[in-house]
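All values derive from a computational prediction rather than experimental measurement. Lettering follows sequence order; numbering is per chain, from 1.
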Protein chains: 2
Amino acid sequence: MATLADVARLAGVSQATASRIVNGSAKLVTEELRTRVLRAVAELQYVPNAHAQQLARARRSAVGIIVHDVSDPYFAEITRGLQRVATAHGRLVMICNSYRDPDRELEYVELLRAHQVAALILAGSGYHDAAFTGALVRKLEAYLGTGGRLTLIGRHELTGNCVVPENEPGGYLVGSEVFALGHRRVGVIAGPAVLTTTSDRLAGVRRAAREHGRAVPARRIAYGNFDRDSGATAAAHLLDANPGLTAIIALNDSMAVGALAALRARGLAVPRDVTVTGFDDMPVARDVTPALTTVRLPLVEMGARAMAIALDETGDEPRVERIPAELVRRASTAPPRR
Amino acid sequence: MATLADVARLAGVSQATASRIVNGSAKLVTEELRTRVLRAVAELQYVPNAHAQQLARARRSAVGIIVHDVSDPYFAEITRGLQRVATAHGRLVMICNSYRDPDRELEYVELLRAHQVAALILAGSGYHDAAFTGALVRKLEAYLGTGGRLTLIGRHELTGNCVVPENEPGGYLVGSEVFALGHRRVGVIAGPAVLTTTSDRLAGVRRAAREHGRAVPARRIAYGNFDRDSGATAAAHLLDANPGLTAIIALNDSMAVGALAALRARGLAVPRDVTVTGFDDMPVARDVTPALTTVRLPLVEMGARAMAIALDETGDEPRVERIPAELVRRASTAPPRR
DNA sequence: CTTCCTCAGGCAAGCGCTTTCCTGGAGGAC
DNA sequence: GTCCTCCAGGAAAGCGCTTGCCTGAGGAAG
């Protein structure tokens with residue numbers, strides 16, 4: 001592996017000069033030397049050792065993001081936005097998947113601190129777990145202590161920069177829609193109970209229910225883990241436990257799609273027999289039959305905002321950005337048959 | 001930011017001892033000192049500077065992967081497999097999105113070389129572009145010169161470790177299915193013409209056509225870019241340019257889903273009026289209506305194999321792993337109406 | 001009581017780069 | 001001709017860590 005010293009030797013200049021030419025320092029250098037050095041660089045296929053550079057200079061280059069799972073469309077979209085802005089700023093992005101394991105999340109925060117990332121983005125729901133949250137806050141503070149920047153996506157339980165989707169209002173929106181259509185026996189497919197995203201969305205649905213003089217009893221809530229198959233299973237449970245159910249509100253689109261599959265398997269038509277709604281407005285929501293009524297969250301935009309905030313050095317005050325949710329009516333909802 | 005020197009000072013030991021304790025070296029250390037050092041680490045919230053470690057020691061830790069776009073389900077699945085194995089080996093993964101820009105791909109190879117990654121995985125189709133391929137080979141060789149490991153996914157045009165999905169046989173499989181059903185006017189929605197994945201799959205379809213005494217003339221091929229919307233547009237073009245078209249073979253599932261939407265918009269029923277097929281067997285293929293007949297590629301598995309090969313130090317010979325494609329019959333195919 | 005061995009622990013030399021500070025020569029002003 | 005200024009280029013001090021090698025104390029063996 002060629003080093004800067006090799007380049008300098010080949011070009012017949014000092015290492016200092018070579019360094020200045022290679023990374024375009026402010027210091028002036030003769031054209032003559034410049035070409036000699038550049039030729040040596042090309043000849044040796046020299047690429048500066050990023051670790052040595054990082055160690056020697058103060059400024060950081062890479063940014064790190066921690067998501068639950070990039071292959072989940074929800075995070076894939078957010079990541080897309082994150083990347084777009086990072087790339088525009090010439091930053092390399094290191095992506096870490098916690099796979100919804102709080103401990104792994106903690107480890108990754110440390111890992112990224114070790115890598116001295118310029119910015120850290122934590123995306124994804126928080127957990128209802130005071131011990132974990134405490135540990136996380138401590139690690140994040142340690143990270144901030146190194147001078148790095150931080151933005152949280154969807155975790156209002158912590159302080160600092162954050163971008164929060166309006167989960168509760170979104171739940172309210174979709175809940176209102178379903179109850180206003182006249183549904184009385186409404187089941188909910190929730191995400192993992194430990195996630196704040198779940199409880200927030202659920203709270204919104206409950207608020208809507210209350211306004212319509214209804215409630216969502218525990219037997220009408222089934223917990224999935226936000227993926228398609230768990231949605232199918234949960235829908236089946238709901239149907240078994242609640243004869244006469246006329247609507248299912250899934251707290252994300254993947255589970256709604258699973259519910260659709262489960263319903264189809266039972267020969268139930270949507271929305272004729274059962275109304276189904278999703279949440280997030282993933283691309284798939286448009287393509288299933290019937291197309292899903294859901295709540296749109298501008299995920300790419302959320303990612304982009306988060307990265308922009310993290311990379312914007314001027315901000316001194318912690319910034320909190322609320323991302324509004326919006327109801328998207330499609331074909332999966334209808335009034336109940338009497 | 002606490003350094004190892006701070007830890008050593010606080011614990012009252014030499015930096016060497018502190019280092020050995022912190023990263024569990026083979027060298028023996030008294031229990032007494034160990035606890036003192038560990039206490040100091042906890043108190044200072046010490047995390048070793050990854051760059052300094054990387055610089056000082058020979059072995060590399062992180063691995064890098066370059067994909068076209070993680071938010072594309074195809075790559076999301078591959079990435080999932082890649083990550084799973086990397087995590088099992090205790091490696092941090094740095095993901096880079098080239099967004100199908102060859103130049104960016106080149107840049108990322110350099111960037112990851114600069115970061116001294118232990119392994120580099122290049123996922124995604126190659127390009128029909130000799131100049132680019134040459135440049136890529138040179139950069140990859142420079143990377144290999146640093147002692148890093150490399151695995152290519154889906155690029156048979158380069159040598160070295162690689163995992164190649166059987167695109168041509170897959171195209172043949174789906175083509176045979178459609179022609180055997182009796183379709184004569186068959187349109188193809190291809191991916192970008194510069195990608196080898198496109199030409200390989202298309203070649204398979206053409207081979208099947210030939211075997212059935214048919215052909216795929218240029219007017220029955222529309223080029224998309226592998227995403228849903230381009231599939232919808234391409235399907236519309238195909239329909240306009242070819243009255244009487246009875247089948248559409250899309251070279252990936254996203255575009256097939258787009259085609260389904262375009263067909264629905266025109267009031268054409270699938271498969272009654274038009275047969276549609278996909279490729280890749282993404283999760284969405286099961287959930288659209290009708291469910292897509294497609295070609296399954298075990299993407300997660302491909303990612304996992306690729307990372308395993310890259311991380312397996314014992315391999316001296318370049319390894320080539322062919323991943324078989326498999327036809328999955330669902331509801332989107334039927335014989336043409338007479 | 002020597003001598004030798006063993007092994008915990010410390011010293012210090014790098015890893016590859018950036019950057020401050022210094023040097024020496026060229027050119028201008030007097 | 002002398003002195004000053006200016007600036008291109010080089011020497012060298014780290015950045016934070018690992019690790020080969022050395023030291024010295026304690027114990028076993030003679």
(request) Look at the rings of A/H51 and B/H51 and say which category their plane angle falls in: under 30° parallel, 30 to 60° tilted, over 60° perpendicular. (result) tilted
(message) With a strict under 4.0 Å distance from non-hydrogen atoms of chain A, what nucleotide opens and what nucleotide closes the contacted stretch of DNA chain D, reading 5' to 3'?
(response) D/dA8 to D/dG16
(message) Does C/dC11 have its OP1 or OP2 closer than 4.0 Å to a side-chain nitrogen or oxygen of B/S14?
(response) no
(message) It should be established whether A/N23 places a side-chain nitrogen or oxygen under 4.0 Å from OP1 or OP2 of nucleotide C/dC17.
(response)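 For C/dC17, neither OP1 nor OP2 has a side-chain N or O of A/N23 closer than 4.0 Å.
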(message) Quick check against the 3.5 Å criterion: does A/T79 have a side-chain atom that pairs as donor or acceptor with the backbone of A/F75?
(response)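 Pair found, side chain donor or acceptor close to backbone of A/F75.
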Identify whether the distance between the nearest side-chain nitrogen and carboxylate oxygen of [X] and [Y] falls below 4.0 Å.
X	Y	answer
A/R319	A/D312	yes
B/E43	B/R39	no
A/R80	B/D72	no

(request) Determine the contact category for B/S19: base if any of its heavy atoms lies under 4.0 Å from a base atom, sugar-phosphate if only primed atoms, P, OP1 or OP2 are that close, otherwise nothing. (result)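 Base contact.
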(message) Counting the atoms with a prime plus P, OP1 and OP2 as sugar-phosphate, which does A/Q54 contact under 4.0 Å by heavy atoms, base, sugar-phosphate, or nothing?
(response) nothing
(message) Can you tell me which residue among A/E110, A/E105, A/R104 is in a side-chain contact (heavy atoms from CB on, under 4.5 Å) with A/Y108?
(response) A/R104
(request) Take B/L55 and B/R20, find for each the nucleotide of DNA chain C with the closest heavy atom, and name the residue whose nucleotide sits nearer the 5' end. (result)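 Between the two, 5'-proximity favours B/R20.
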(message) If you assign each of B/A56 and B/V13 to its closest nucleotide in DNA chain C, which residue comes earlier from the 5' end?
(response) B/V13
(request) Whole angstrom is fine here: how far is it from CD in B/Q15 over to P in C/dA13? (result) 14 Å
(message) Does any part of the side chain of A/T3, heavy atoms only, come nearer than 4.5 Å to the side chain of A/N49, both counted from C-beta?
(response) no
(message) Heavy atoms within less than 4.0 Å of DNA chain C: which residues of residues 36-44 of chain A have one? Give them sorted by number.
(response)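 Under 4.0 Å from DNA chain C: no residue of residues 36-44 of chain A.
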(message) Could you report the tightest heavy-atom contact between B/P165 and B/V163, atom names first, then the distance?
(response)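 Closest approach of B/P165 to B/V163: CD-O, 3.8 Å.
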